[in-house]
Amino acid sequence: MSESRSPDRKVPAQQRLRKKKDPYFLRAVGKALEAQEILKRSPSPLGLAEMASHLNLTKSSALRILHTLEVSKYLQRTEDGRYASRENG
């Protein structure tokens, strides 16, 4: 079956319904904020495939969001290319 039919992982049903009914909700912004929360809660940096899986996105979509957050200084990449929450400062 199609992956587009799979529900958002770890997102309560009420929150999914609210997003779908809200004409002002921007999915990309929501996913960017979700990415930041995932990295803040993670005890170690995460790779692109891991982030894409957590966000329920393709790797190419996750890469665009993560790259935007990186160049905007909202997250950082480790020497091995994994993503981590940016520390204060």
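Residues passing the salt bridge (charged side-chain N to carboxylate O under 4.0 Å, His left out) test with Glu70: none are found, sequence neighbours excluded. Here Leu33 pairs with Val29, Gln36 under the side-chain contact (heavy atoms from CB on, under 4.5 Å) rule; sequence neighbours left out.
Tested against Tyr83, the residues Ile38, Thr78, Leu75, Leu46 include a single side chain to side chain contact (heavy atoms under 4.5 Å, CB included) partner, Leu75.
The shortest heavy-atom contact between Glu50 and Arg82 is OE1-NH1, 2.7 Å. Of all heavy-atom pairs spanning Leu69 and Ala35, the tightest one is CD1-CB, 4.2 Å.
For Lys59 (side chain) and Leu48 (main-chain N/O), no donor-acceptor pair under 3.5 Å exists by modelled atom type. Between the side chain of Ser53 and the main chain of Ala49, no donor-acceptor pair closer than 3.5 Å is present.
Under the 4.5 Å side-chain criterion, counting only non-hydrogen atoms from C-beta, Leu57 is in contact with Arg27. Side chains of Glu37 and Glu34 form no contact here, defined as non-hydrogen atoms less than 4.5 Å apart.
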**Item:** Residue pair Met51, Leu39: steps toward the side chain to side chain contact (heavy atoms under 4.5 Å, CB included) verdict
**Value:** CA-CA 9 Å; Met51 286 298 296; Leu39 290 171; 3.7 Å; yes
